[in-house]
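Written below as structure tokens is the structure these notes are about.
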Amino acid sequence: YTRRHASAPASALAMAAVAGPRLLPWLLLLHPLLVVAAAAASGVTYDHRSLVISGRRRLLISASIHYPRSVPAMWPKLVAEAKDGGADCIETYVFWNGHETAPGKYYFEDRFDLVQFARVVKDAGLYLMLRIGPFVAAEWNFGGVPAWLHYIPGTVFRTNNEPFKSHMKSFTTKIVDMMKKERFFASQGGHIILAQIENEYGYYQQAYGAGGKAYAMWAGSMALAQNTGVPWIMCQQYDVPDHVINTCNSFYCDQFKPNLPTQPKIWTENWPGWFQTFGESNPHRPPEDVAFSVARFFGKGGSVQNYYVYHGGTNFDRTAGGPFITTSYDYDAPIDEYGLKRFPKWAHLKELHKSIKLCEHSLLFGNSTLLSLGPQQEADVYTDHSGGCVAFLANIDSEKDKVVTFRNRQYDLPAWSVSILPDCKNVVFNTAKVRSQTLMVDMVPETLQASKPDQWSIFTERIGIWDKNDFVRNEFVDHINTTKDSTDYLWHTTSFDVDRNYPASGNHPILNIGSKGHAVHAFLNNMLIGSAYGNGSESSFSVQMPINLKAGKNEIALLSMTVGLKSAGPYYEWVGAGLTSVNISGMQNGTMDLSSNNWAYKIGLEGEHYRLFKPDQGNNQRWRPQSEPPKHQPLTWYKVNVDVPQGDDPVGLDMQSMGKGLVWLNGNAIGRYWPRTSPTDDRCTPSCDYRGKFSPNKCRAGCGKPTQRWYHVPRSWFHPSGNTLVVFEEQGGDPTKITFSRRVATSVCSFVSENYPSIDLESWDKSISDENPLAAKVQLSCPKGKNISSIKFASFGDPSGTCRSYQQGSCHHPDSLSVVEKACLNINSCTVSLSDEGFGEDPCPGVTKTLAIEADCS
């Protein structure tokens, strides 16, 4: 029920709901149009303040979980953990190229069973925000658009282009009709409250000129014509059609304003971390800063906030885009790639959500006032007619803590923080004061248990043209236009003669290769002589390899590779890949240019052609059993039968001993593996300061280590026995050192000070004056089935540092360890109050005391 049809009745309905049920019949008599609105009372409308769901204004916390980035067996737990974390709503993109595999041929099974995912969300009692796109970006291969569409004559993506619009409309209609059939839209009594068309087009619209504007208007109008009965949004779209809501995507959206004053302020993407790129260090966004951004948004009138992503998951198979995006899409999200809650981020945000919900009525119905409390300190205050009052006190100074006075009381505001006061008096939450424990998670290795003796089988790829060539050209072709993304791999081979008198003394020939990207392995006379790659910021590369030629005929075979197709950008579908030049310098007669030689081409690998990764190919005669597999051999397929790792902890495959390639379990594509090491000086810092604006270059870790060492293998992919692991290794590695690792929480830490809010958010009643607040307390909890087995560190005083590296300060209570051990040892969870009588006499009066604890779980 779009705003176009029902804005006046909806706002009247909302007023009626506030005024009370006795007023509603009279309003219905007075305004016949309200009968229409009443019929849509189960639907969704909006006003300037918020979405109006079933006639009621709502503040909504939403959590992104992308269904194909996990597996159906994980969906219920992921959704339940989001709900437990305070989410009202789940958001997902719809992944066009995962669903429409060829024109008019659709796939909605397994990880791509959108209806089943939507049903899981509904069964959990949560709303669903469906971002159909169908261009989605999302660091997903080709931005989610099917590669086949690029090869339909005359097609240009994302502009006023008839072939593109026709296919986009057809797919959008397909998805909408599927949802209607299940009665999933809120207008049908279902749970889908918002739908999105397109994605962040405002960034690129100008590049498409007049066609861009026309396309944006067409997309909005096409969406509205679907008659879903729920509002449509377009994110980062600065000139949306009427009746479509423009929304914000950023690390901070407190200053964002929708295009029209009649529309609510919606944040579709708050990035709680960032994606990873092969060969780079890994970014982390501190929970204090994520909480700060959310509190600022709601304090400044925001109404819907969605974490992109709340669970990132895994880019299984070849779905990672970029190029060079890792198979892991962990994103430093509140729920990690493996489905475990990330502490303290998950818990700190849960407390934030509870605090915001305590303020919901005044935020939605109150009048707001902005008060200055200092040069970079302010209060957003909301007062409503029922006497309610809430305040968000902010210190946006990124360096200095401040004490501010608000309503004749003093409040301690750390730098870059917001305090939430649901009664304009008591602080229930401060974004910089993390009360939650930190849970340290380790990858604990298990041996790769082989099910049978003589367990290894191998198949070695032929170097170069492994069957009849696909074609011959005396030039280089574009890699992507040739493979059409049916594979990462494209072989190029040529030969040339070297004079019988070669080599002359002092000659050191160099093979020079230029490429648009993304990677190449070079073979000379059937020997791997080197590899080269682009990177996340520059796909193209050039490389110089010293070579030894032989007199007579020499053969060069170059295996060009893509590492995910580009995900976004103006005209991104035209960005190519592949070799651009090959020559040999340092020859007797100067440089030998091979670029216009006769090059024979072969698309893909022989093992791909025979589908050696499929379970039904286990007995394929091409597999050769070997008790000891070859090591450091390029272009080798390995097959081994493995047992299920014990327990029920999530499982990762440790590929540190390998080079680069693809891996499958029981025919399920785990994805690309590549333990590519980041530079030792890649922006890493010894500690992370949450204060000040975040960017992906801040708070990075893992310099000098592989960007991704472990690869998530969902538990549901294992059989009770008879599991087959297939690895294709491009460069050469040691497969005997591949291991499964269990993802296990091994220790917990906490760091809480006396001045942290101590109000229990579950039971707090704002009608009760809190003149004598409780003392702050530390709460520790091991995962289910584990107990606190030892206390590694405990200090009550002024300790410093971070988990696993705490240090005593100049003030330390000598009984700290015994107090904590008495309260916590050998039980699953414990609470230690900072006013515990065991701490007795104050060890250092005048110093704000902190209790820091590190404990082992086993």
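Because the structure is a prediction, the values reported are computed rather than measured.
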Backbone of [Y] reached by a side-chain donor or acceptor of [X] within 3.5 Å:
X	Y	answer
D682	S281	yes
R342	A333	yes
E81	K83	no
W267	S250	yes
N282	G702	no
S293	V290	yes
D384	G387	yes
N395	S417	no
E754	K849	yes
N430	L413	no

Let me confirm one number: the [atom1]-[atom2] distance from [X] to [Y], rounded to the nearest 0.5 Å.
X	Y	atom1	atom2	answer
E351	T431	CD	OG1	12.0 Å
T438	K345	OG1	NZ	11.5 Å
L834	D836	CG	CG	9.0 Å
N755	S753	CG	OG	5.5 Å
Y806	F793	OH	CZ	8.5 Å
F251	K698	CZ	NZ	11.0 Å

Non-hydrogen atoms of [X] and [Y] that approach each other most closely:
X	Y	answer
R49	G301	NH1-O, 2.8 Å
T383	C389	CG2-SG, 3.9 Å
C811	P843	SG-CG, 4.0 Å
E269	N199	OE2-OD1, 4.2 Å
G339	H311	N-CE1, 4.1 Å
L363	I356	CD1-O, 4.3 Å

Hey, mind stepping through R69 and D330 against salt bridge (charged side-chain N to carboxylate O under 4.0 Å, His left out) and telling me if it holds?
-> CA-CA 10 Å; R69 282 177 158 148; D330 181 86; over 6 Å; no
If you measure from the Lys or Arg side-chain nitrogens to the Asp or Glu carboxylate oxygens, is any gap between [X] and [Y] under 4.0 Å?
X	Y	result
K350	D84	yes
D689	R691	yes
K300	E378	yes
E280	R700	yes
K433	D412	yes

Looking just at side-chain N and O atoms, do N270 and Q305 make a donor-acceptor pair shorter than 3.5 Å?
-> yes
Side chains of T326 and S328: do they bring a donor and an acceptor to under 3.5 Å?
-> no
For D47 and R57, run salt bridge (charged side-chain N to carboxylate O under 4.0 Å, His left out): C-alpha distance rounded to whole Å, both residues' side-chain angles, the deciding distance at 0.1 Å, then the answer.
-> CA-CA 9 Å; D47 58 21; R57 281 183 181 170; 2.8 Å; yes
For H353 and F429, what are the C-alpha separation, side-chain angles and deciding distance, and is it a ring-ring contact (aromatic ring centres under 6.0 Å, His included)?
-> CA-CA 10 Å; H353 304 152; F429 185 86; 9.1 Å; no
Lys NZ or Arg CZ of [X] over [Y] ring: under 6.0 Å, within 45°:
X	Y	value
R435	Y756	no
K265	F256	no
R285	Y307	no

Are the aromatic ring centres of H191 and Y127 under 6.0 angstrom apart?
-> no
Carefully, step by step, assess W416 and Y690 under the rule ring-ring contact (aromatic ring centres under 6.0 Å, His included).
-> CA-CA 8 Å; W416 200 253; Y690 76 86; 8.4 Å; no
So which of W140, Y310, Y308 actually passes ring-ring contact (aromatic ring centres under 6.0 Å, His included) with H66?
-> Y308
Within a strict 4.5 Å, meaning less than it, do heavy atoms of the R296 and Y252 side chains meet?
-> no
Within-4.5 Å side-chain heavy-atom neighbours: P799 and Q808 | no
Give the intermediate values and the outcome of side-chain hydrogen bond (donor to acceptor under 3.5 Å, both in side chains) for residues N306 and T268.
-> CA-CA 5 Å; N306 175 61; T268 29; over 6 Å; no
Are we looking at SG atoms under 2.5 Å apart for C248 and C235?
-> no
